[in-house]
Amino acid sequence: MQSYNFEPACWSADKNGLDNINECPLGLLSFDGQNAPELNILRGHLVSESVPTESGGNAFALDFNRKAVFGYSNDNKYYVLRDIHGTNAIPFSQTFIQQKLQGESIIVANQRIDYNPSISELTVDLSGFSEWIDTHFFRESNNLTEDGAQELKFSYCSKEPQNILLYKNNNDFEVHAKHFAKRLGGYNTLHEFSFKETWRLNFRMLDSEGMPLNDVLNNLFEPFERLLAFCMGFPGNIEEITFTGVNPAVQGQYFDRYIPGEEDEVGRLAVNMPLPYPEISNRFQDIADNWMNATGDAQTACRTAAALLGKWDKAIDVMFSLCAQSFEATSRVGENLSELSDEEFERRKTCVLETINNKTIHNWAELKLKYANFVSAGELANRLWTRLGDFANYVVPNKKLFLRQHRESRNTYTHMREPNNDNFLTGSDLYWHARAVQVLQYGAVLLYLGFQPTEILSIFQKHNFMTSFISKAQDIYAQVEQQDDDAK
């Protein structure tokens with residue numbers, strides 16, 4: 001998220017304390033977009049908390065935590081620093097005369113506002129979103145006139161653009177692509193001007209009472225932003241978040257530490273978007289429905305598929321473990337995880353236990369059998385492979401070896417034990433295997449979202465999506481398959 005320069009403000013530990021502005025200490029709020037927001041009280045302190053003791057006195061804790069503190073700035077804006085913590089201002093200590101506080105997020109509004117206000121609208125400036133929408137109203141033409149002169153024209157009609165309804169959730173909220181246009185420059189001595197069209201992600205609450213800001217951020221924006229990352233093939237960078245209160249006169253901004261997304265490489269990455277909006281617009285309502293309402297393993301699979309599209313800046317064994325866990329979660333989606341029905345399992349267990357007379361062995365066997373009625377991870381992986389059809393075999397020509405290597409490497413890295421055989425992977429072999437798992441898992445999430453197996457391969461091929469990962473997997477496992485054939 002972008003850094004922001006805040007004006008000096010008077011601060012109070014209570015929202016109503018701003019009524020007595022002359023008694024509020026002056027503080028400087030700072031946020032660089034990456035680290036926790038900080039509030040530096042220049043003179044005096046803001047929070048000094050004590051609790052009564054059994055002896056009738058007061059005791060001061062060294063540290064404190066509060067939901068929020070409130071500020072009023074020089075430019076007539078109201079600040080809320082949320083979920084704060086810091087060193088308590090104890091009398092005669094340094095913090096009593098100058099105190100520093102840290103928070104998790106910031107609200108800036110044009111009116112006095114609560115810690116978690118109800119809002120009617122949330123708008124997000126997200127890099128890559130305009131490229132994903134891929135609809136333009138600004139037109140440029142370069143023609144030759146009848147007398148051979150060059151005629152360059154720019155045109156834009158402000159009445160033409162219409163916001164796009166992307167998704168509607170019953171009667172709770174709608175998600176729109178909101179159109180913006182901005183013109184700079186014009187009639188100056190050099191006659192220079194610039195014009196920019198952009199689309200912003202917009203959430204509208206349909207209930208007249210709105211929805212609390214935290215609920216909108218956690219339950220609507222964050223999962224939908226992951227869906228967009230999945231469709232775009234990369235995570236966008238959150239540039240700005242603004243909101244409108246239930247009272248339309250209330251306008252504000254929200255600042256938080258979000259994981260940075262793509263900024264400089266958006267133009268290059270947009271060429272290979274796997275699911276651009278114009279190609280899926282007629283089915284996006286159903287796609288978003290499946291994604292937003294996912295629970296359990298399906299939710300884990302969707303979230304991880306989006307997360308894996310970000311930068312792989314962790315050790316390769318960590319990234320592989322994340323891929324493996326995501327692959328396992330995806331393989332459980334829609335599956336009956338019990339090998340037998342409860343009745344049949346109990347019948348068979350009883351048959352086994354009735355044959356054991358030794359009490360110690362009987363108790364041991366009963367404990368072992370108690371949790372034995374489940375389908376193995378290997379079997380679930382095979383079933384998922386079957387569901388993926390030709391796509392899985394296209395990505396990895398040698399299924400048997402791939403799944404053997406996957407199982408051994410997964411168990412070794414997960415349980416941090418010594419490898420049991422030669423199927424254990426390290427270094428570049430582990431990296432390319434993890435990337436192949438990522439491709440398969442992405443395809444499996446497409447299945448969950450309603451795409452047919454025959455569609456999945458064409459999505460990757462048409463947009464050259466993850467091409468290098470697929471080519472490397474084909475090369476590695478095709479060579480091994482050929483070696484196996486030669487050995488026969």
Side-chain angles (χ1 to χ4, degrees), residues 4-31 36-52 58-123 205 207-217 240-256:
Y4 190 83
N5 294 320
F6 296 92
E7 291 290 324
C10 295
W11 289 87
S12 171
D14 180 78
K15 182 179 69 172
N16 295 326
L18 295 176
D19 291 337
N20 301 315
I21 200 72
N22 293 330
E23 298 180 10
C24 297
L26 184 66
L28 295 178
L29 183 62
S30 62
F31 178 64
E38 286 190 347
L39 174 59
N40 185 12
I41 301 300
L42 300 177
R43 193 171 184 179
H45 60 272
L46 185 59
V47 179
S48 180
E49 296 181 344
S50 63
V51 293
N58 289 321
F60 289 86
L62 292 177
D63 303 307
F64 70 89
N65 292 276
R66 291 179 68 93
K67 288 188 70 172
V69 291
F70 302 85
Y72 180 67
S73 70
N74 288 348
D75 57 350
N76 301 318
K77 291 182 179 178
Y78 290 87
Y79 297 160
V80 183
L81 179 61
R82 311 196 319 160
D83 303 309
I84 63 165
H85 56 89
T87 302
N88 198 22
I90 302 174
F92 308 110
S93 69
Q94 178 62 32
T95 54
F96 204 73
I97 57 176
Q98 189 176 39
Q99 188 177 36
K100 286 187 177 180
L101 304 84
Q102 283 191 328
E104 294 300 318
S105 60
I106 303 169
I107 296 175
V108 178
N110 61 347
Q111 296 186 25
R112 194 177 302 189
I113 204 161
D114 292 325
Y115 162 84
N116 185 24
S118 289
I119 65 171
S120 62
E121 198 168 330
L122 185 86
T123 302
M205 311 312 124
D207 191 309
S208 60
E209 295 183 359
M211 187 181 295
L213 175 63
N214 284 352
D215 291 351
V216 177
L217 292 168
E240 184 182 55
I241 298 178
T242 59
F243 65 85
T244 301
V246 175
N247 176 359
V250 178
Q251 301 289 323
Q253 289 177 273
Y254 177 77
F255 300 87
D256 206 336

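By convention here, the first residue in the shown sequence is residue 1.
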Leu26 to Pro8 - nearest heavy-atom pair and separation: CD1-CB, 4.1 Å
Short side-chain to backbone donor-acceptor contact, Asn65 and His85, under 3.5 Å: no
side-chain contact (heavy atoms from CB on, under 4.5 Å) between Tyr115 and Asn214, intermediate numbers included: CA-CA 10 Å; Tyr115 162 84; Asn214 284 352; 4.2 Å; yes
All ring-ring contact (aromatic ring centres under 6.0 Å, His included) counterparts of Tyr72, not counting sequence neighbours: Tyr78
For residues 102-113, please give each side-chain donor-acceptor pair under 3.5 Å, one per line with the distance, not counting sequence neighbours.
unit_1, atom_1, unit_2, atom_2, d
Gln102, NE2, Glu38, OE2, 3.2
Glu104, OE1, Arg257, NH2, 2.5
Ser105, OG, Arg82, NE, 3.0
Asn110, OD1, Gln251, N, 2.9
Asn110, ND2, Ala249, O, 2.9
Arg112, NH1, Asp19, OD1, 2.8
Arg112, NH2, Asp19, OD1, 3.1

Inter-residue atom distance Met205.CE - Thr244.OG1, 0.5 Å rounding: 10.0 Å
Side chain to side chain donor-acceptor pair (under 3.5 Å) partners of Tyr254, counting only residues at least two apart: Asp256
Pro37 to Phe31 - nearest heavy-atom pair and separation: CG-CD1, 3.8 Å
Reported CG-to-NZ distance for the pair Leu28 and Lys100, which is rounded to 0.5 angstrom: 10.5 Å
Set of side chain to side chain donor-acceptor pair (under 3.5 Å) partners for Thr242, sequence neighbours left out: none
Nearest heavy-atom neighbours spanning Lys77 and Tyr4: NZ-OH, 3.6 Å
Intermediate values then yes/no, side-chain contact (heavy atoms from CB on, under 4.5 Å), Leu213 and Leu122: CA-CA 9 Å; Leu213 175 63; Leu122 185 86; 4.2 Å; yes
Candidate list Val246, Val250, Val216, test side chain to side chain contact (heavy atoms under 4.5 Å, CB included), partner Ile119, passing option: Val216
Closest non-hydrogen atom pair, Gly245 against Ser120: O-OG, 2.8 Å
Side chain to side chain donor-acceptor pair (under 3.5 Å) involving Asp75 - partner list, sequence neighbours excluded: Ser73
Parallel, tilted or perpendicular: ring planes of Phe6 versus Tyr79, cut at 30 and 60 degrees: perpendicular
Any donor-acceptor N/O pair, Asn74 side chain to Glu7 backbone, under 3.5 Å: no
Which residues share a side chain to side chain donor-acceptor pair (under 3.5 Å) with Asn5, sequence neighbours left out: none
Value rounded to 0.5 Å, distance of CD1 in Ile41 from CH2 in Trp11: 7.5 Å
Salt bridge (charged side-chain N to carboxylate O under 4.0 Å, His left out) partners for Asp215, two or more places apart: none
